[in-house]
Amino acid sequence: MIQFLQQMINGLSIGSVYALMAVGYSLVYSIMNFSNFAHGGIIMLGAYFGFFFLTLFNWPFAMAFLGAAICAAILAVLVERVAYKPLRMRNAPFLYFIISAMGASMFIENFVIATIGPTFKTYPTVFSREPFRLGPLFIGRLDTMMFVISAICLAALIYFIDFTKMGKAIQATAFNPRASALMGINTDLIIITVFAIGGFLAGIAGVLFGMKYTVYPQIGFITIKSFIAAVFGGLGSLPGAVIGSVILGVLETLISGYFSSQFRDLISFSLLIFILVFRPIGLMGKSTEEKA
Amino acid sequence: MDWFYIKGILILSGINLMAVLGLSLLTGFTGLFSFGHAGFMAIGAYTAAAMGIKLGLPLIPSLLIGGLAAGIFSLFIGKLTLNLKGDYFCIATLGFGEAIRLILDNVQYFGGARGWPGIPLKIDLWNVIIINVVGILILINLINSRHGRNMIAIREEELAAKTIGIDTFKYKMISLFISAVYAGIAGGMVGYYTGFLQPKMFSMNKSTELTIIVIFGGIGSISGSVLGALFLTALPEILRAFALWRLVAYGAAVIFIMISRPEGLMGGKEITLKGIMRLLRLKNRPGKAAEG
Amino acid sequence: MLKVENLHVYYGGIHALKGIDISVEKGEIVTIIGANGAGKSTLLNTISGLVRSREGRIIFKGSLLRPVPHHIVMKGICQVPEGRLVFANLTVKDNLLLGAYLRKDKNIKKDLEKVYELFPRLAERQKQLAGTLSGGEQQMLAMGRGLMSNPELMLLDEPSLGLAPILVDTIFTVIQDIKKIGKTILLVEQNAYKALSTADRAYVLEQGKIVKAGKAADLIKDPTIQESYLGQKAEAGDRKSEVGF
Amino acid sequence: GQKQEPAKEEQKAQEAPKEEAKQETTGDVVKVGWIGSLTGDQAVWGQCEFNTVKMLVEEINAQGGLLGKKLEAIGYDTRGDAMEAVNAVRRLTSQDKVVAIIGPNASGQAIPISTVLEEMKVPDIATVATNPKVTVVDGKTKPFNFRVCFIDPYQGAVAAGYAVDVLKFKKAAVLYDVADDYSQGLTEFFIKTFTEKGGEIVAKEAFKSGDTDFRPQLSKIKTANPDIIFMPYFFKEVALSANQARELGIKAVLMGGDGWPSEVLLEMARDAVNGSYFVNHVDFDDPAVQDFKNRYMKKYDRKVELNGYLAHDAFLMFVDAVKRANSFDPVAIRDALETTNIQGITGNIKIGKDTHNPEGKEAAIIKIVDGKYVFQQKYSPSK
Amino acid sequence: MEMLEMKNVTKTFGGLTAVEKVNFMVKKGSISGLIGPNGAGKTTIFNLITGIYKVTEGEIIFKGIPIQNLEPHRIASMGITRTFQNIRLFKKLSVYDNILTACHHNAGYNLIESVLRLGRFKKEEKDLRQDTENLMEIMGLAKWRDHAAHSLPYGLQRRLEIARALAVKPELLLLDEPAAGMNPDETLQLMNLIREIRDKFKCTIFIIEHHMDLVMGICENIMVLNFGRKLTEGPPEKVQRDPQVIQAYLGEGAKLGA
Ligand SMILES: Nc1ncnc2c1ncn2[C@@H]1O[C@H](COP(=O)(O)OP(=O)(O)OP(=O)(O)O)[C@@H](O)[C@H]1O
Ligand SMILES: Nc1ncnc2c1ncn2[C@@H]1O[C@H](COP(=O)(O)OP(=O)(O)OP(=O)(O)O)[C@@H](O)[C@H]1O
Ligand SMILES: [Mg+2]
Ligand SMILES: [Mg+2]
């Protein structure tokens with residue numbers, strides 16, 4: 001029983017890591033309708049910014065945290081300008097965006113390797129990493145923080161997207177930029193906003209990952225898991241992405257803990273595919289019978 | 001440049017091309033996006049190697065059986081997942097590719113993650129060229145038949161394709177099957193070329209590399225795929241001198257091509273004999289005029 | 001109020017508009033008629049900034065328009081586009097509110113009620129996703145959305161497309177009503193008869209050129225216009241009344 | 001006594017060519033190849049290796065070169081990909097005409113390049129490719145493949161032997177990277193020796209390259225209550241998993257292989273790995289090692305990774321072979337390599353003619369004590 | 001003789017009943033019309049007939065065989081095709097390829113035959129291409145042969161959609177607002193075209209349209225739909241004088257004319 005509870009805690013904390021990435025990633029996805037594979041790269045850059053602000057500039061933690069998020073936001077917008085905007089202007093199909101995103105992700109990662117170097121950087125300890133203890137159970141401090149932060153980000157984003165005028169404008173732009181422009185929406189600004197928010201969230205995730213895992217050029221790789229989780233949760237649905245993440249985390253944990261860690265991904269992928277067969281739009285995806 | 005080295009690049013391009021041709025049918029002509037083709041390559045590679053080593057079959061039958069094994073596998077996958085749309089299908093294939101790799105990592109009979117050395121070397125430039133020429137001819141004939149046109153119709157407008165009586169599921173399945181066979185044969189060639197197989201060789205990076213080539217060459221163009229495979233396999237070699245900056249340049253090149261030629265190299269057009277003749281004639285005409 | 005001078009538009013190699021000059025005065029309804037592919041939509045799209053011209057000027061209230069759509073909307077020009085272009089992923093109500101995206105006044109609620117009054121079907125379907133509306137319902141929504149932006153100049157591209165006859169009447173009544181409150185309208189219609197009956201002035205567009213211009217009341221009697229745009233060959237006139245138009 | 005020798009050897013190596021330089025025509029350049037990962041997730045190790053080779057080449061050239069000729073190091077990136085490695089070696093051997101190649105650092109690349117080496121008749125000295133099949137497949141020795149490191153079975157046996165015989169542990173758990181050849185190799189041989197010696201494996205859990213969270217596996221291991229947890233993978237994952245193990249209240253001793261040593265491990269998991277053991281190629285306190293460490297630090301302003309030491313010795317093997325062959329003919333170098341017997345900074349390197357491995361190279365057991373690597377002893381498992 | 005029969009057909013979307021207990025028959029060789037206010041459920045009925053939506057309740061019988069809930073492609077190969085209210089062409093393909101693709105049913109060669117270019121492939125492919133040329137000629141599209149579908153003017157796109165549907169050699173052709181976006185003159189031409197098609201291709205035609213000139217001009221039997229239910233049915237003269245129809249659909253303008 002204790003073992004099971006501990007495993008659930010483990011699962012939730014892995015899930016929060018995925019969720020933290022998934023919110024930013026899924027936001028851009030739901031607006032732009034393509035997988036922004038550069039998101040992992042931005043997370044990584046956020047982690048490096050946080051690291052340098054803390055160690056080279058000796059900034060206080062809160063400032064470094066915010067600074068990293070802002071820098072990440074700027075870079076995310078930069079990526080959009082360079083790699084996606086020209087495609088957007090030509091109404092290119094989503095495949096081209098994905099390839100461009102892959103190019104961007106390759107560029108970012110290797111740029112860091114070539115300049116900063118491939119070595120691992122350890123974050124200075126800002127606060128105690130001692131886990132909370134609940135009887136025989138251990139709950140990670142950073143994990144708890146990630147869980148809370150992803151919940152807050154999610155709530156804030158849902159509010160922003162569903163209940164503000166700007167949010168509606170974002171959704172409209174996602175669907176049809178031309179028609180949105182006719183409503184007087186500055187679509188370019190909207191897209192910048194979306195990428196900035198996505199980048200900001202990536203920056204936050206980056207600093208937290210950096211503290212948890214150290215910083216290295218491939219730290220963004222785990223984004224692939226949040227991609228999977230987001231699809232599983234139902235594409236275009238922010239809560240779906242987060243719930244999908246948590247479920248994926250728990251699922252992986254239980255499989256490792258009770259079946260076979262050697263075949264973990266095999267089993268968890270099979271389960272996900274199995275679920276998709278019965279629910280082809282993911283957990284929270286909106287059912288749309290195509291209207292002819 | 002030394003011929004020995006160029007030959008190496010050409011053989012590698014040829015191997016990539018074989019896999020790309022298959023993916024081109026699936027992604028370029030049928031409009032399905034796969035992240036798991038490396039998985040089919042892996043199945044083909046291990047099966048073909050086993051045919052040669054354990055049963056002593058010659059190269060071509062081994063490759064064909066490898067391709068067929070991948071094809072048969074694709075039928076199972078397709079049956080489950082081809083009803084999924086867009087990214088859902090994409091995730092399912094990604095999961096499949098990773099699952100195959102994980103299984104191979106664990107199967108000690110084939111060396112597990114440590115790899116399988118000692119596969120006889122049977123691939124040289126000539127048989128690579130012959131295999132590819134046959135592969136290209138088959139694909140051209142297929143595309144220019146009613147079957148190929150049905151696949152293109154699915155890519156263009158699935159609903160309309162259904163209402164003119166195309167069994168879209170069946171044709172997606174055929175497309176997936178053929179593309180898996182191509183990938184399987186390509187995988188077999190990998191083993192017989194390097195003499196060594198390791199699950200790592202068939203990672204998701206390999207799948208994305210193939211996709212990049214297809215899109216880069218231009219969706220729905222076989223000549224685009226050929227040029228894309230040649231160019232993108234050679235590009236990292238050309239960039240060797242950049243050392244650390246090599247993949248930075250590669251990433252930048254991918255972005256650059258996508259944004260400057262968002263239709264890919266060939267943009268859905270084909271280099272045909274007729275086209276070349278026409279081009280030559282165009283060039284000749286002013287000359288003739290001058291004579292007259 | 002709006003002046004278009006020597007406008008040339010190209011789609012790649014296709015010369016779609018070949019030197020268009022038109023003007024629209026305040027409070028007028030001006031209609032543009034022409035066959036399929038004449039360039040009517042292209043003209044409207046160029047005015048609203050969706051398509052860039054290669055040559056020519058568009059002047060609105062005395063100043064040159066920058067070809068940036070949201071900027072043009074801010075100046076008070078709103079287009080109801082051809083093919084509806086409703087936001088399929090949003091509800092009917094959200095679509096309507098987006099029409100008022102740039103407005104900051106307090107009358108938005110009131111105008112929303114007005115639109116619902118005009119198209120009761122939309123009121124019933126407030127919460128439905130626009131993408132699942134029927135074709136005609138989407139057309140109503142597009143029109144309603146345009147009204148919500150409360151513009152000075154409204155560009156209407158085939159507002160009656162796909163509407164039931166009874167609603168076609170409604171739409172033209174609405175157009176008259178809008179005029180009454182001092183707005184200006186540039187109307188593109190296939191239903192040339194209705195358009196000419198409603199408009200003050202009209203231009204005839206053929207293959208990217210203005211071939212005729214004048215008072216709508218005059219053009220409706222012009223025999224060449226009758227033949228090529230009103231479908232009225234001698235006997236057709238009879239059938240029209242028989243059918244009930 | 002032993003510790004003085006490598007330094008002397010090296011001095012000789014550096015002095016000798018000086019004299020010869022005057023005799024032969026200078027100006028000619030002889031190329032030495034290197035391959036490995038300069039990009040991708042293995043870049044940390046690859047870059048360190050190439051830096052080491054470049055530094056040593058510069059040093060030799062500064063002293064007049066080798067056999068009177070200047071050396072030039074040409075290194076190509078493989079980003080950890082087997083096919084890329086094949087192409088890189090094709091280029092090195094045909095276009096660049098290198099006389100020998102150093103690297104790569106992974107068996108997955110070292111194995112497939114052997115066919116090219118044999119075709120072009122150029123020898124290769126792998127740095128940390130530890131799979132036995134790099135040099136011997138099906139009982140046949142690959143003529144042009146050599147290596148400077150000890151192999152997986154040996155290292156696994158050392159770790160298991162030390163754990164049972166010296167540390168007297170009976171119950172071990174293993175956590176390994178299922179998608180990594182190195183990790184799988186060590187695991188296999190650790191388990192083999194450990195059980196042969198009467199120990200018991202109470203848990204065998206796996207993760208996949210790229211994972212960052214190991215708590216599900218560790219929680220499971222915790223319930224099996226092992227004395228020792230064997231962690232045969234690289235230091236980043238070691239640091240993460242060690243920290244997580246301690247966070248879960250696991251008190252077992254941790255043990256690992258040559259993937260461990262790095263400053264990063266101590267920075268990231270100083271407390272968590274306190275009291276752990278690992279198998280290493282070098283004793284970090286060895287004076288010969290200090291010299292190299294300092295030279296590297298001075299030149300690159302970075303700490304040298306373990307691969308640097310092995311690249312250093314691979315280069316030493318090459319220089320020694322050239323001198324004994326007294327020729328830059330690749331085949332002659334190959335022949336000389338077969339009879340290598342030198343003292344490197346990672347120990348005595350005596351290449352076995354049938355195995356092309358450094359035979360009987362002793363492993364160093366290192367313990368981590370208060371953030372320091374403390375050399376315990378040279379150890380080779382008793383049969 | 002009945003070509004198509006709908007028995008008590010009902011379709012609901014969540015809580016919304018789009019089509020309710022509709023009964024209707026389409027006679028073989030006839031041109032029938034389907035009219036009704038916007039959102040009445042007309043397109044939905046077409047979607048039900050062609051299998052794009054699944055029927056909630058009731059039966060659709062085509063030539064004596066129930067076809068409700070069959071896959072769309074099965075229904076198409078039984079002889080029912082359609083055009084769409086929102087044009088759905090193979091946008092990037094040429095006019096020629098759009099039609100050629102749709103001809104596929106008229107050939108029977110298999111994959112192997114096409115890959116090896118065997119005799120049957122060559123012969124049948126030649127026939128397909130000839131069919132395509134003929135259709136383009138009949139539909140007046142020959143001039144636009146190599147133009148990409150999306151670059152055609154609206155009216156021609158509709159025409160191409162009809163041509164593509166005809167390529168399947170349907171017995172029942174469903175046209176969803178074929179005259180939308182056409183001016184009265186073009187509508188007149190379209191009317192003639194539809195009659196011509198019926199005679200030349202010997203098929204039955206079922207049309208949704210809001211242009212009353214067209215509907216009243218060519219339809220033999222018209223069903224009027226309102227709020228998903230059948231309001232009335234009959235020949236044009238009857239339908240257009242029906243006060244219910246005038247009130248719900250045609251509007252007062254119609255009364256004046258009458
Ligand atoms: N995006 C485009 N690319 C290429 N050609 C185009 C494009 N849009 C329009 N055209 C061409 O420009 C010409 C004018 O088209 P436009 O849509 O303005 O006509 P229209 O008068 O609005 O016709 P309709 O009554 O059918 O709406 C046509 O020949 C059309 O084919
Ligand atoms: N997929 C769907 N989900 C929800 N509601 C739908 C869906 N498809 C259609 N509807 C609703 O069903 C009703 C009938 O729609 P339909 O498209 O059949 O109308 P129609 O008669 O063709 O109208 P129009 O003449 O305007 O095209 C409409 O109210 C529409 O909103
Ligand atoms: Mg138009
Ligand atoms: Mg409809």
Side-chain angles (χ1 to χ4, degrees), chain A residues 2-11 13-15 17-18 106 109-110 112-114 117-124 129-133 136-143 209 212-214 216-219 221-222 224-225 249-250 252-258 260-266, chain D residues 37-48 77 79 175-176 178-179 184 203-223 234-237 239-240 243-250 262-272 300-303 305:
Chain A
I2 288 172
Q3 158 87 349
F4 179 75
L5 286 177
Q6 181 65 54
Q7 290 292 28
M8 286 306 286
I9 293 171
N10 296 341
S13 61
I14 294 176
V17 173
Y18 297 163
M106 206 181 289
E109 181 194 327
N110 288 289
V112 170
I113 291 180
T119 45
F120 303 81
K121 311 261 183 212
T122 317
Y123 260 68
R129 311 243 312 244
E130 272 295 292
F132 299 121
R133 292 201 58 162
L137 300 175
F138 297 83
I139 305 171
R141 224 171 255 259
L142 265 171
D143 301 316
F209 291 175
K212 194 171 153 92
Y213 299 138
T214 75
Y216 52 97
Q218 291 82 26
I219 193 167
F221 271 19
I222 10 178
I224 198 75
K225 284 287 174 77
V250 171
E252 286 188 346
T253 306
L254 295 184
I255 293 167
S256 301
Y258 293 97
S260 153
S261 50
Q262 279 89 344
F263 289 101
R264 180 195 67 201
D265 283 6
L266 178 65
Chain D
S37 303
L38 293 176
T39 58
D41 53 357
Q42 300 280 313
V44 188
W45 295 282
Q47 288 192 9
C48 173
D77 176 34
R79 52 175 177 148
L175 178 62
Y176 73 105
V178 66
Q184 226 179 56
K204 180 186 174 194
E205 296 300 325
F207 64 92
K208 221 175 108 201
S209 312
D211 282 0
T212 43
D213 215 302
F214 313 91
R215 281 172 293 184
Q217 293 91 329
L218 289 167
S219 297
K220 203 170 164 193
I221 287 176
K222 187 183 175 191
T223 48
F234 296 102
F235 54 79
K236 181 193 80 204
E237 279 87 3
L240 293 173
N243 277 332
Q244 289 165 11
R246 301 306 182 215
E247 274 179 29
L248 288 169
I250 295 174
S262 165
E263 293 303 319
V264 176
L265 178 66
L266 298 178
E267 280 171 21
M268 279 174 73
R270 184 187 160 102
D271 298 334
Y300 296 108
D301 193 28
R302 249 184 226 177
K303 292 213 165 110
E305 301 289 341

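The sequence lines fix the lettering, A, B, ..., with proteins before strands; numbering per chain opens at 1.
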Most heavy-atom pairs under 4.5 Å with chain D, out of A:K225, A:Q7, A:K121, A:R133, belong to A:Q7
Part of D:L240 within contact of chain A (heavy atom distance under 4.5 Å): side chain
Quick check on A:K212 against chain D: is it the side chain, the backbone, both or neither that has a heavy atom closer than 4.5 Å? both
Rounded distance (nearest 0.5 Å) linking atom OG1 of A:T119 with atom CH2 of D:W45: 11.0 Å
Give, as side chain, backbone, both or neither, the part of D:R79 having an atom under 4.5 angstrom from any heavy atom of chain A. neither
Rounded to the nearest 0.5 Å, how far does NZ of D:K208 lie from CG of A:D265? 4.0 Å
In sequence, state the C-alpha distance, the side-chain angles, and the governing distance for A:I222 and D:T212, and then conclude on side-chain contact (heavy atoms from CB on, under 4.5 Å). CA-CA 8 Å; A:I222 10 178; D:T212 43; 4.1 Å; yes
With chain A, the option among D:V178, D:L175, D:D213 that has the most non-hydrogen atom pairs under 4.5 Å is D:D213
Find out whether A:Q262 and D:Y176 are in side-chain contact, i.e. whether some heavy atom of one side chain is under 4.5 Å from a heavy atom of the other. yes
With a 6.0 Å cut-off (strictly less than), is the heavy-atom count around CD1 of A:I2, excluding the residue itself, greater than 12? no
Salt bridge (charged side-chain N to carboxylate O under 4.0 Å, His left out) partners for D:E205, two or more places apart: D:K220
Where do D:Q47 and A:I113 land on the side-chain contact (heavy atoms from CB on, under 4.5 Å) test, with the steps shown first? CA-CA 10 Å; D:Q47 288 192 9; A:I113 291 180; 3.5 Å; yes
Do D:R215 and A:D143 make a side-chain contact, defined as non-hydrogen atoms from C-beta onward lying under 4.5 Å apart? yes
Please determine whether a side-chain nitrogen of the Lys or Arg among A:R264 and D:D211 lies less than 4.0 Å from a carboxylate oxygen of the Asp or Glu. yes
Quick one: CE on D:M268 to CZ on A:F120, what's the gap to the nearest 0.5 Å? 8.0 Å
Could you tell me the separation between the CZ atom of D:R270 and the OG1 atom of A:T122, rounded to the nearest 0.5 Å? 12.5 Å
CZ (A:F4) with more than 12 external heavy atoms under 6.0 Å: no
Looking at every heavy atom in both A:P118 and D:A43, which two are closest together, and how far apart are they? CB-CB, 3.5 Å
For A:Y216, which atoms come within 4.5 Å of any heavy atom of chain D: side chain, backbone, both, or neither? side chain
Sort D:I221 into side chain, backbone, both or neither according to what part of it lies under 4.5 angstrom from a heavy atom of chain A. neither
Could you tell me which portion of D:S219 (side chain, backbone, both or neither) has an atom closer than 4.5 angstrom to a non-hydrogen atom of chain A? both
Do the side chain of D:E247 and the main chain of A:P131 share a donor and acceptor less than 3.5 angstrom apart? no
Chain D: which of A:G257, A:P136, A:P217 shares the most heavy-atom pairs with it under 4.5 Å? A:G257
Side chain from CB out, backbone as N, CA, C, O: work out which of these in A:Y213 comes under 4.5 Å of a heavy atom of chain D, or both, or neither. both
Intermediate values then yes/no, side-chain contact (heavy atoms from CB on, under 4.5 Å), A:N10 and D:Q244: CA-CA 10 Å; A:N10 296 341; D:Q244 289 165 11; over 6 Å; no
Check side chain to side chain contact (heavy atoms under 4.5 Å, CB included) between D:K222 and all other residues, then give those that pass, not counting sequence neighbours. A:F138, D:I250
Let me see the working for D:T39 and A:M106 under side-chain contact (heavy atoms from CB on, under 4.5 Å), right down to the final yes or no. CA-CA 10 Å; D:T39 58; A:M106 206 181 289; over 6 Å; no
